[in-house]
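Labels below follow one simple rule: chain letters A, B, ... track the order of the sequence lines, proteins then strands, and each chain is numbered from 1.
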Amino acid sequence: MSNPLAKLREECTRLLEEALNEAYPGTELPSTRFSTPPNPEMGELSSAASFQLARSLRSRPAEIAEKIAEKVSPSSLVESAEAVNGYVNFKADTGSFSKLVLETVEGEDEEYGFLKTSEPERVMVEHTSANPISPLHIGNARNSILGDCLAKLLKKRGHEVAIHFLVNDVGRQVAMTGYGWQLLGKPKPEGRAELWVGTIYAGVNVVNELTRLRKELRQAEERGKVNEIAEYQEEIEDYEKAVVELRNRYADVYDALAEKLPTIEDPVAEIVKLNTAYENNEPEAVKDMREVVGYCLQGFETSLGELDIGFESFDFESDLVWRNAAEEVLEELKATPYVFEDEGALIMDCDRVAVDMGLKERWGLNLEHEIPRLVLVRKDGTTLYTLRDMAYSIWKFGLADRVINVIGSEQRLAQLQLRIALAAMGRLEMGDNQMHYAYELVYLPGVKMSGRLGRYVTMLDVVQRAEKLAYEAVDIRSPHLTKEDKEEIARMVGHGAIKYTLLSVDPQKTVTFDWEKALNFETNSAPYIQYSHARACNILKRAEEKPEPDYGGLTHPKERELLIALASFPETFEGAVTELKPGDITAYANNLADKFNSFYAAVPVLKAETPGLLGARLALVDAVRIVQGNALSLLGIKAPERM
RNA sequence: GGGCCCGUGGCCAAGUUCGGAUAAGGCACCGGACUUCUAAUCCGGAGAACGAGGGUUCAAAUCCCCCCGGGCCCGCCA
């Protein structure tokens, strides 16, 4: 893979060194990076070296820049250098630079820009990992979309990537769902499996809670406790609202649960029993639990499949439990000097591990801050989730050199403690190579989502609404297309809009989900970028011939801007992968669309003045098409040829 | 109480890792452009004490110090 911008920069560096040597013999060129001048008329690359040299040369930056620029001799790629405000600006030779960029893009086509790493690794990306008892919602969507994009970036960089989903299938919540399903007579799902399973889970919870609350309300009434009565009534109202929503979805499911659960003497005990049986790998419990969880996972796969997001592996937490993985980890940890007993529980002294092993310096943590301790085993002897998570990490490193966990930022401390525990066990390299890719949550104005109450805006709802709006837009703008074509375009546009919205915001910032903004199909959105791609395709489709290009003719400022943008794609890609920043790619694609749309309005392609110019502009348009398509593919967004 | 993250025009937001030219963009607002390659577009306008205050520097949104506001975490939950 080649990198035209790097070639231009190397050339400029060489010319700068030569000029500096002539203007100020014996002066070493300071290590400096080139930047892009504020406007295209000033050239393609800009050096601020004069500012750094000002002190040692005892001269004003502007003066130094003048003297250097004067001495720069043109080369095949660089036409001229000019001093402006202390900067030395280099202008590329239009003909040779255009030829270099456009022929490189054309030649490498779908691989252009994807610079390969010299050190390929096996990388595991774990993402989504939502509890298999409620539908995926808009918050999970941010996780899934980020995780999927990271995986795509790493793959294109030449790494071997595996995408995993951890199924949290043990614990009270899942057992509630399994128990509810057994009570219903183990039916097959109706409609959307994840929503159906979510209704069973929330149904069991709501019925149980209502039974409890009503009982406590009666007792409070008997004792005449006014404040308590009001509190219970308020809570009951909340649950009753949830009942209405649940019945709206699956009235028969809720009604059956509401009828059967209260006849059970102690449903909570039954749920605990089922959970224990599952953890003990008892055949009937296993069969039932895996079946219910499987329905929910199928639902996840369907919803995510809509967005072309999938997994290589679903890793079940229960598998870890069954092979006593937590206990093995515990034994290892107990052999270290960092685990102690406190009131019957086993605790790990995370801070001491970090201090003893120099982890705070190593991982850039606050040296003064004491890292909170971590409970490993309850005083009743049962293990906590953390131990299973450690076992899971160790297992992951059997398959990967590097692990990226896409998990909400609220789990920062837990993820740090996990890495510390790995280091404590003598697996420092796992601590080093495991990364918590933290993102902030998605908020919905006016809606408090709650899986327990079955209250959520599901991901599929958002996806379908986006498709519908996109269909309306296509229908208005391109009425001549067939229904199938319109639907296909609507899917590309609707899905793209959602992905772009969630990828373009820095993961560290909270997103307040706004229908209007997410589904805005105008400037600074996926449809805007897709539209520019479709326009490029349309021009190419209408071109009857492709004359030999006269690259030297691409002198219009809009053309120059496009060329430098195209040339910088490989480095944008490289930076985005290194820093794991999908937002760099969304910004790049949007910028390229901006430049192309301006070019489109300002410069005629098919009606170019000469055949040579026509050929050159067609090559430029084709390169935009290719690069825009490559950028969108990294984002998991489809590039339509018309819309 | 402690830790982490965030704070940039009315709203959303890039840039902060690695200090450099007039602080991108978008939404909303105002004014223009479809007999010419698709107007989901383009062109122009107005709008900013970069949370506050100090410091370092030729140069600070960016680095250092202190303070303020918001979110998350500090469970024998996951």
Quiz item: Contact class for A/Q530 (heavy atom, under 4.0 Å): base, sugar-phosphate, or nothing?
Solution: nothing

Using nucleotides 5-7 of chain B, report all nitrogen or oxygen pairs with the protein that are shorter than 3.5 Å.
from, atom 1, to, atom 2, distance (Å)
B/G7, OP1, A/K509, NZ, 3.0

Quiz item: Judged by atom type as modelled, is there a donor-acceptor pair below 3.5 Å linking the side chain of A/N597 to the main-chain atoms of A/S532?
Solution: no

Practice problem: Would you check if the side chain of A/Y437 reaches a backbone N or O of A/L580 as a donor-acceptor pair within less than 3.5 Å? | Solution: yes

Exercise. Specify the separation, in whole Å, of atom CD of A/E641 and atom P of B/C37.
Key: 20 Å

Quiz item: Under a 3.5 Å cut-off on both pairing distances, which runs of 3 or more consecutive Watson-Crick or G-U pairs involve RNA chain B?
Solution: B:1-7 with B:68-74, B:10-12 with B:25-27, B:29-33 with B:41-45, B:53-55 with B:63-65

Quiz item: Tell me: CG of A/L503 to P of B/A13, nearest whole Å?
Solution: 15 Å

Quiz prompt | Donor-acceptor under 3.5 Å (A/N89 side chain, A/G43 main chain) | solution = no

Quiz prompt | Given B/G25, B/A21, B/C37, the nucleotide with the shortest approach to the side chain of A/D594 | solution = B/G25

Quiz item: For the atom pair CZ (A/R373) and CE (A/M348), what is the distance rounded to the nearest 0.5 Å?
Solution: 12.0 Å

Practice problem: Using atom CD of A/E370 as one end and atom C1' of B/C74 as the other, report the distance to the nearest whole Å. | Solution: 11 Å

Quiz item: Which residue pairs pass the salt bridge (Lys or Arg N to Asp or Glu O under 4.0 Å) test when at least one of the two sits in residues 602-618 of chain A, sequence neighbours left out?
Solution: A/E559-A/R617, A/E609-A/R617

Self-check item: Flag, side chain of A/T276 to backbone of A/V272, donor-acceptor distance under 3.5 Å
Solution: yes

Practice problem: Give a yes or no on whether the backbone of A/I407 and the side-chain of A/H436 come within a donor-acceptor separation of less than 3.5 Å. | Solution: yes

Practice problem: Nearest-nucleotide wise, let me know which of A/P604 and A/S409 is further upstream toward the 5' end of RNA chain B. | Solution: A/P604

Quiz item: Which part of the nucleic acid, if any, lies within reach of A/P38 when heavy atoms closer than 4.0 Å are counted: base, sugar-phosphate only, or nothing?
Solution: base

Quiz item: Rounded to whole angstroms, how far apart are NZ on A/K595 and C1' on B/C42?
Solution: 14 Å

Quiz prompt | Aromatic plane relationship, A/F569 with A/Y588 - under 30° parallel, 30 to 60° tilted, over 60° perpendicular | solution = tilted

Quiz item: Over how many whole Å does the gap from A/N89 atom CG to B/U22 atom P extend?
Solution: 13 Å

Quiz item: Is the closest side-chain heavy-atom distance between A/Y385 and A/E317 below 4.5 Å?
Solution: yes

Quiz item: Where the side chain of A/Y443 is defined as all heavy atoms beyond and including C-beta, which of B/G15, B/C74, B/C72 is the nearest nucleotide?
Solution: B/C72

Quiz item: Would you say the side chain of A/L150 lies within less than 4.5 Å of the side chain of A/P582, judging by non-hydrogen atoms?
Solution: yes

Exercise. Over all heavy atoms of both residues, which pair between A/D389 and A/L418 is shortest? Give the atoms and the distance, please.
Key: OD2-CD2, 3.7 Å

Exercise. Enumerate the residue pairs fulfilling ring-ring contact (aromatic ring centres under 6.0 Å, His included) with a member in residues 597-626 of chain A, sequence neighbours excluded, ordered by first and then second residue.
Key: A/F596-A/F599

What nitrogen or oxygen pairs link the protein and nucleotides 39-41 of chain B at under 3.5 Å?
from, atom 1, to, atom 2, distance (Å)
B/A39, OP2, A/R535, NH2, 2.7
B/A40, OP1, A/Y531, OH, 3.1
B/A40, OP2, A/R477, NH1, 3.1
B/A40, O4', A/R477, NH1, 2.7
B/U41, OP1, A/T523, N, 3.0
B/U41, OP1, A/T523, OG1, 3.3
B/U41, O2', A/R535, NH1, 2.9

Self-check item: Heavy atoms from other residues, nucleotides or ligands near CD of A/E571 exceed 12 (cutoff 6.0 Å)
Solution: yes

Exercise. Hey, which sits more toward the 5' end of RNA chain B by its nearest nucleotide, A/S46 or A/V605?
Key: A/S46

Identify all pairs in which a protein N or O lies below 3.5 Å from an N or O of nucleotides 76-78 of chain B, and state each distance.
from, atom 1, to, atom 2, distance (Å)
B/C76, O3', A/R378, NE, 3.4
B/C76, O2, A/K379, N, 3.0
B/C76, N4, A/D342, O, 3.4
B/C76, N4, A/E343, O, 3.4
B/C77, OP2, A/R378, NE, 2.6
B/C77, OP2, A/R378, NH2, 2.9
B/A78, OP1, A/R378, NH2, 3.2
B/A78, OP2, A/Y385, N, 3.3

Quiz item: Relative to each other, are the rings of A/F314 and A/F165 parallel, tilted or perpendicular (30° and 60° limits)?
Solution: tilted

